[in-house]
Amino acid sequence: MSAEKKAQNRAERAEKRRQEEQKDSRSVVIYSVIAVLVVVAAVVMMLFNSGILQRSLTALNVNGAKYTAADVQYYYTSLYNEQARQYLFNSAASVKKQVYDEATGQSWYDHLMELAVEQLTRNTALAQQAEATGHTLSAEAKASLDDTLAQLETAWIGYNQPSRDAFIRANFGSGMTYDRLVSLLNMEYLASDYAQTKLDAIDHSDADYDAYYKEHADEMDTVIYSLFTFRTQVPTTDDEGNTIEMTEAEQAAALEELKPAQKALADEVLSKLKGNADLEKLAEEYEDQLYDSSISSRTTGSTLSLYTSYADWLLDSSRKAGDVTVIENGGETYYYYYVVRYEGRELDQEETHTVRHLLVRAGDASTTDPTQEQFDAAETKAQELWDQWKAGEATEESFAALASTASNDDASSRSTGGLYANITSTSGYAEAFRDWALDSARKEGDVDLVKTEYGWHLMYYVSTNDPVWRQSTTAALQSQDYEQLAESATQGWNISQGMGMKLVKA
């Protein structure tokens with residue numbers, strides 16, 4: 001081989017080594033970059049899970065008051081839970097994918113975030129006004145706050161959490177701490193109590209009440225109606241409890257096959273109602289086929305509109321007593337046939353009643369069927385407490401103080417001195433308890449012992465109050481007043497969002 005050829009081969013081998021070394025060098029750089037990114041991602045995830053980022057990054061600047069992602073998360077989560085309990089959206093699916101406003105396309109997530117920002121802004125403004133004017137928490141508000149904080153100390157036990165702080169993180173976000181939660185709660189209570197004081201000072205005239213009712217009659221009137229509900233549903237499990245796998249098309253087809261049978265039953269009942277069949281006998285006749293039934297239910301128009309698909313029919317101004325119809329409504333795997341009979345409509349003039357009570361349980365909270373011996377022991381203890389109260393000042397205030405320490409009722413009742421307000425004939429209290437409160441002979445200051453399935457109640461009659469409709473109107477007018485108060489308090493305020501807003505989880 002010539003010297004020239006040998007030199008050429010050496011040059012080619014050198015170039016090949018150079019290219020391989022360059023390739024190896026690039027690989028080292030690439031793998032190093034990937035390794036760094038993995039480490040950075042791990043660190044970011046660790047920081048996120050620890051809550052440090054949520055506690056550190058500003059999410060909202062409310063006219064100079066800075067709030068972190070953890071703060072906004074608390075408000076968002078509280079609103080989410082509140083509206084989920086009302087079934088206003090599907091809590092099993094992402095709220096980012098559920099439309100709140102069809103006209104604008106706004107998602108439920110964006111709506112809840114909007115509400116969270118608004119509420120945090122209002123609480124900030126009202127709390128600042130309260131502090132500026134020297135307002136302090138009322139005794140009732142302080143008792144309620146103290147009760148909330150007391151429950152926070154033990155709630156984690158019932159929810160199988162390892163500690164109080166773990167419970168707080170699980171329920172209010174990984175960035176929330178006990179101290180910060182207490183601070184937010186103090187601001188909330190101060191803002192709310194201050195606002196309520198301002199609202200209570202506003203005296204609306206009878207003309208205001210009448211005008212509001214005329215404008216909102218459909219919402220405020222009580223509608224009386226009877227209802228027979230038939231339901232069909234595509235089975236999701238077989239007779240052995242195994243899950244049945246079906247496509248959406250298969251579910252729809254199965255539902256269509258099941259619907260005619262329930263429709264036929266609904267039409268049968270409709271026909272019999274048109275023939276003036278007895279409602280009670282009809283409910284008994286179809287008991288095995290009915291999903292649900294109710295005779296002469298009483299519901300306000302606002303509640304009907306919120307929860308039912310037959311509200312529009314019932315609230316139609318042309319509706320007459322005895323009118324009947326079938327309303328259909330359903331989803332992907334279920335379908336309802338509502339047979340509805342309109343009975344009437346009225347403005348609820350029933351007076352409401354307020355009492356205080358002290359419960360002495362027969363047995364304990366886990367007792368479901370107390371013995372006579374347990375009832376007797378509870379009666380003896382209740383009588384002793386009555387005698388103790390009579391031996392003292394024997395006032396409503398002293399009764400409330402006794403109930404707050406001696407009652408076996410739940411903590412929320414004890415925190416208000418056993419107060420139960422706005423009791424009516426449709427209130428879901430124990431029958432003997434409700435009947436005592438509604439007795440027409442009842443006078444303010446009456447005290448008595450009342451036996452229910454829970455034990456013995458030492459009762460104190462506080463007052464007879466405005467009728468249901470007027471109380472509803474008072475609440476509505478105060479809601480309008482609150483909007484004006486909050487709007488005035490935040491007038492001209494500058495609200496801006498920061499990077500932390502992206503850390504608020506849906």
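Quick note: residue numbers are just sequence positions, from 1.
Between P162 and W156 the shortest heavy-atom distance is O-CZ3, 3.5 Å. Of all heavy-atom pairs spanning A143 and S415, the tightest one is CB-O, 3.5 Å. Of all the heavy atoms in Y212 and A476, the pair that sits closest is OH-CB, 3.0 Å. Residues A441 and D446 share a closest heavy-atom pair of O-OD2, 4.2 Å. What you find for L79 and L112 is that their closest heavy atoms are CD1-O, 4.0 Å. Nearest approach of L458 to A382, heavy atoms of both residues: CD2-O, 4.4 Å.
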Salt bridge (Lys or Arg N to Asp or Glu O under 4.0 Å) assessment of D210 paired with K214: CA-CA 6 Å; D210 292 340; K214 288 177 181 177; over 6 Å; no

Chi angles and distances behind the side-chain hydrogen bond (donor to acceptor under 3.5 Å, both in side chains) call for E153, Y178: CA-CA 10 Å; E153 293 296 332; Y178 173 77; 3.3 Å; yes

From CA spacing to verdict: side-chain hydrogen bond (donor to acceptor under 3.5 Å, both in side chains), T148, Y189: CA-CA 11 Å; T148 297; Y189 272 85; 2.9 Å; yes

Test log, rule side-chain contact (heavy atoms from CB on, under 4.5 Å), inputs L485 and S488: CA-CA 5 Å; L485 178 66; S488 173; 5.7 Å; no

Chi angles and distances behind the side-chain contact (heavy atoms from CB on, under 4.5 Å) call for L190, H135: CA-CA 8 Å; L190 180 62; H135 178 86; 3.9 Å; yes

Intermediate values then yes/no, side-chain hydrogen bond (donor to acceptor under 3.5 Å, both in side chains), D316 and S318: CA-CA 5 Å; D316 191 313; S318 66; 2.8 Å; yes

Y336 vs Y334, ring pair (Phe, Tyr, Trp, His ring centres under 6.0 Å): CA-CA, chis, key distance, verdict: CA-CA 7 Å; Y336 292 93; Y334 61 89; 5.7 Å; yes

Candidate pair D323 and W313, rule side-chain contact (heavy atoms from CB on, under 4.5 Å), full reasoning: CA-CA 10 Å; D323 284 355; W313 184 83; 3.9 Å; yes

Residues R356, E396; criterion salt bridge (Lys or Arg N to Asp or Glu O under 4.0 Å); working and verdict: CA-CA 8 Å; R356 291 187 186 273; E396 181 187 347; 3.0 Å; yes

Stepwise side-chain contact (heavy atoms from CB on, under 4.5 Å) check, D439 with Y461: CA-CA 10 Å; D439 190 331; Y461 189 78; over 6 Å; no

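For the pair Y100 and F89, the minimum side-chain heavy-atom distance is 4.5 Å or more. At a threshold of 4.5 Å between non-hydrogen side-chain atoms, the residues T473 and H204 do not count as touching. The closest side-chain heavy-atom distance from Y482 to L126 is below 4.5 Å. Within the 4.5 Å cutoff, side-chain heavy atoms of V355 are placed close to those of W436. A heavy-atom distance below 4.5 Å is found between the side chains of L477 and Y209. Taking the side chain as every heavy atom from C-beta outward, R345 and D218 approach each other to under 4.5 Å. The shortest side-chain heavy-atom distance between N408 and Y454 does not fall under the 4.5 Å cut-off. At least one side-chain heavy atom of F228 sits less than 4.5 Å from a side-chain heavy atom of I295.
Listed for the S407 side chain is a donor-acceptor partner under 3.5 Å among the backbone atoms of L359. Side chain of T474 to backbone of R470: a donor-acceptor contact under 3.5 angstrom is found. Checking side-chain atoms of T367 against main-chain N and O of D364 turns up a donor-acceptor pair under 3.5 Å. T77 contributes no side-chain N or O that, together with a main-chain N or O of Y74, makes up a donor-acceptor pair within less than 3.5 Å. In this structure a side-chain-to-backbone donor-acceptor pair under 3.5 Å is present from S404 to A401. A donor-acceptor contact shorter than 3.5 Å links the side chain of T124 to the backbone of L120. The closest donor-acceptor contact from the side chain of S472 to the backbone of V468 lies under 3.5 Å. Judged by distance alone, with hydrogens and angles left aside, the side-chain atoms of R414 form a donor-acceptor pair with the main-chain N or O of D409 at under 3.5 Å. Within the 3.5 Å criterion, the main-chain N or O of T197 finds no donor-acceptor partner in the side chain of D200. R122 places no side-chain N or O within donor-acceptor distance of the main-chain N or O of T490, the cut-off being under 3.5 Å.
Note: Q54 CD to M176 CE = 10.5 Å, rounded to the nearest 0.5 Å. In this structure, E444 CD and S463 OG are separated by 6.0 Å, a value rounded to the nearest 0.5 Å. The NE2 atom of H357 lies 10.0 Å from the CG atom of L419; values are rounded to the nearest 0.5 Å. Rounded to the nearest 0.5 angstrom, I423 CD1 and T354 OG1 are separated by 7.0 Å. Going from atom OG1 of T395 over to atom CH2 of W389 covers 7.5 Å, rounded to the nearest 0.5 Å. The distance from the CG atom of L314 to the CD1 atom of I224 is 10.5 Å, given to the nearest 0.5 Å.
For K272, the NZ atom counts as densely surrounded, since its 6.0 Å shell holds more than 12 non-hydrogen atoms of other residues, nucleotides or ligands. The neighbour count for E373 CD, taken as heavy atoms of other residues, nucleotides or ligands under 6.0 Å away, does not exceed 12. Counted within 6.0 Å of CD on E346, heavy atoms from surrounding residues, nucleotides or ligands total more than 12; the atom is thus considered enclosed. Under a cut-off of 6.0 angstrom, the local environment of CD in E82 is crowded, with over 12 non-hydrogen atoms contributed by other residues, nucleotides or ligands. With a 6.0 Å radius and a threshold of 12 heavy atoms from other residues, nucleotides or ligands, E393 has its CD atom at or below the threshold. Other residues, nucleotides and ligands contribute more than 12 heavy atoms inside 6.0 Å of the CZ atom of F375. With a 6.0 Å radius and a threshold of 12 heavy atoms from other residues, nucleotides or ligands, N81 has its CG atom above the threshold.
Under the side chain to side chain donor-acceptor pair (under 3.5 Å) rule, S425 has a single partner from E350, R298, R434, which is E350. Of the residues R341, E343, E280, the one that meets the side chain to side chain donor-acceptor pair (under 3.5 Å) test with S226 is E343. The ring pair (Phe, Tyr, Trp, His ring centres under 6.0 Å) test with Y76 is passed by exactly one of Y67, F172, Y109: Y109.
At a cut-off of 3.5 Å, with distance as the only test, a side-chain donor of N123 or Y75 sits close to an acceptor on the other residue. A donor-acceptor contact under 3.5 angstrom links the side chains of Q478 and Q196, judged on distance only. Side-chain N/O atoms of Q262 and Y335 include no donor and acceptor closer than 3.5 Å.
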